[in-house]
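Heads up: the structure comes next, in structure tokens.
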Amino acid sequence: MPSIPAMPELPEVETVRSGLLAALAGRRVQRVELYRPDLRWPIPTARVRGLAGRRLTGIARRSKYLILEFGGPSPPCALVHLGMSGRLFVTPLRGRAAPDRQQHEHWRLFFADRVLRYVDPRRFGVLDVVPKDRVSAHRLLAGLGREPLDDTFDGAWLFAATRLRTAPIKSFLMDGRRLVGVGNIYASEALFRAGIRPTRAAGRLTRAECDRLATAIQDTLRDALAAGGTTLRDYRRADEDLGSFQLDLGVYGRAREACRRCGTPVKRIVQLGRATFFCPGCQR
DNA sequence: CAACCCACCTGACTGC
DNA sequence: TGCAGTCAGGTGGGTT
């Protein structure tokens, strides 16, 4: 049964999506358990309980939101975000016995022989239920920017979108109204791969740099996705959380260590209150 | 608008 | 061991 890494950036969320889809698609919710009325925002408890009896028909993803789609009359969907510390996983039901509730476990969807569980210590996550035909207009989804793994994301778009922007390129990459799915780790990593300093004004990147950066973002996300798949396969045997992906990080978390490419010590700075890592030797 | 700051929470880790 | 302080992967809302 799939589980979830404790590092929910886009590749991790996508890994969760495909794992949950394989484990749960076509199955009917038999019972719902909700252990608190809110996470980051209030949970519409009646609508969540109304999922009982419905079949899970699909799971979509937009940015780092998972959209669990259900069948039946006026089909609803559940909007789920893992926040910083959320995990979703499936546990088999042995006979009638439900598993013990974990610390910080906030809700469960019971299916006939398995249960989908949500654990989130920091409670920055989201659970909402809305009619399926209105989900794209949901206030949390309506203003979101481009998906970096879509065909429409490329250097030409990045160049056009950054013109006249004075904010640092790293801040631009993490602004969900422009581009989604690039979190704090992958923003530093993609800029390292592209050889671009995170402090550069976005609007001053050249067209060639935008091409390199767009490619670097996609490569970084795809590599992490591939690593996620590996971890997920291992997980089936381990039945324990492996903790994190084995993606090699070029700069993230490596302050004062030698750059793997040029040997210059990696620097750590703070942008928008978040740690940024870069190599002063090979990022210009 | 654009850019930035802050809050929301708990847990892990560091240094005294 | 204990304890205080720091930091953490996200991101919407508020302020300048």
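In what follows, chains are A, B, ... by sequence order, proteins preceding strands, each numbered from 1.
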The side chain of A/Arg139 lies closest to which of these nucleotides: B/dG11, C/dG13, C/dA8?
C/dG13
Does A/Ser85 place a side-chain N or O at less than 4.0 Å from the phosphate oxygens OP1/OP2 of C/dA8?
no
Rounded off to whole Å, could you give me the CZ-to-P distance for the A/Arg87 and C/dA8 pair?
22 Å
Short side-chain N/O contact to B/dT10 OP1/OP2 from A/Arg123, under 4.0 Å
yes
Among B/dC4, B/dA3, C/dG12, which is the nearest nucleotide to the side chain of A/Thr166?
B/dA3
Any side-chain N or O of A/Arg177 under 4.0 Å from OP1/OP2 of B/dA3?
no
Do A/Phe124 and the base of B/dC8 stack face to face, with centres under 5.5 Å apart and an angle between planes under 30°?
yes
Test side chain to side chain contact (heavy atoms under 4.5 Å, CB included) applied to A/Tyr118 and A/Leu127, A/Leu109, A/Leu39, the passing residue:
A/Leu39
Can you figure out which of C/dG13, C/dC7, B/dC9 approaches the side chain of A/Trp41 most closely?
C/dG13
Counting just side-chain N and O atoms, does A/Tyr186 come under 4.0 Å of either OP1 or OP2 of C/dG10?
no
Would you please indicate if the ring centroids of A/His81 and A/Tyr65 are separated by under 6.0 Å?
yes
I would like to know whether A/Lys132 and A/Glu69 meet salt bridge (Lys or Arg N to Asp or Glu O under 4.0 Å); could you show each step before the answer?
CA-CA 7 Å; A/Lys132 198 190 292 186; A/Glu69 301 166 335; 5.0 Å; no
Can you measure A/Gln271 atom CD to B/dA3 atom C1' for me and round it to whole angstrom units?
13 Å
Taking only the C1' atom of each, what is the distance from B/dG11 to C/dG12 in whole angstrom?
23 Å
Expressed as a whole number of angstroms, how long is the span from A/Asp38:CG to B/dT10:P?
11 Å
Output the rounded distance in Å from CE (A/Met174) to P (B/dC4).
13 Å
Strictly distance-based, threshold 3.5 Å: is any side-chain N or O of A/Gln271 a donor or acceptor partner for the main-chain N or O of A/Pro168?
no
Once you apply the 3.5 Å cut-off to both distances, tell me the Watson-Crick or G-U wobble partner of C/dA8, or none.
B/dT10
Below the 4.0 Å mark, does B/dG11 have OP1 or OP2 next to a side-chain nitrogen or oxygen of A/His104?
yes
Between A/Leu39 (CG) and B/dT10 (C1'), how many Å, whole number?
14 Å
Give the nucleotide from the list C/dG12, C/dG10, B/dA3 with an atom nearest to the side chain of A/Arg165.
B/dA3
Can you tell me if the side-chain N/O atoms of A/His81 get under 4.0 Å from OP1 or OP2 in C/dT11?
yes
Where the side chain of A/Glu9 is defined as all heavy atoms beyond and including C-beta, which of C/dG10, C/dC7, C/dG13 is the nearest nucleotide?
C/dG10
Sticking with atom P, work out how far C/dT11 lies from B/dC1, rounded to a whole angstrom.
22 Å
Between B/dC5 and C/dC7, how far is it from one P atom to the other, in whole Å?
15 Å
Rounded to the nearest 0.5 Å, what separation is found between the OG1 atom of A/Thr215 and the CG atom of A/Leu158?
10.0 Å
Give one of base, sugar-phosphate or nothing for A/Gly183, where a contact means two heavy atoms less than 4.0 Å apart.
sugar-phosphate
Consider the side chain of A/Arg274, meaning its heavy atoms from C-beta on, and name the nucleotide among B/dT10, C/dG10, B/dC4 that approaches it most closely.
C/dG10
Using whole Å, report how far NE2 of A/His138 lies from C1' of C/dG12.
12 Å
Whether over 12 other heavy atoms sit under 6.0 Å from A/Arg36 CZ:
yes
pair A/Pro92-A/Asp113: side-chain heavy atoms closer than 4.5 Å
no
Would one find a side-chain N or O of A/Gln103 under 4.0 angstrom from OP1 or OP2 of B/dG11?
yes
Which nucleotide in the set C/dG12, C/dT11, B/dT10 lies at the smallest distance from any side-chain heavy atom of A/Tyr65?
C/dG12
Could you give the CG-to-C1' distance, from A/Leu173 to B/dC4, as a whole number of Å?
17 Å
Hey, does A/Gly83 reach any base, or is it just sugar-phosphate, or nothing, if we go heavy atoms under 4.0 Å?
sugar-phosphate
Return the value, rounded to whole Å, for the distance between atom CD1 of A/Ile185 and atom P of C/dA8.
11 Å
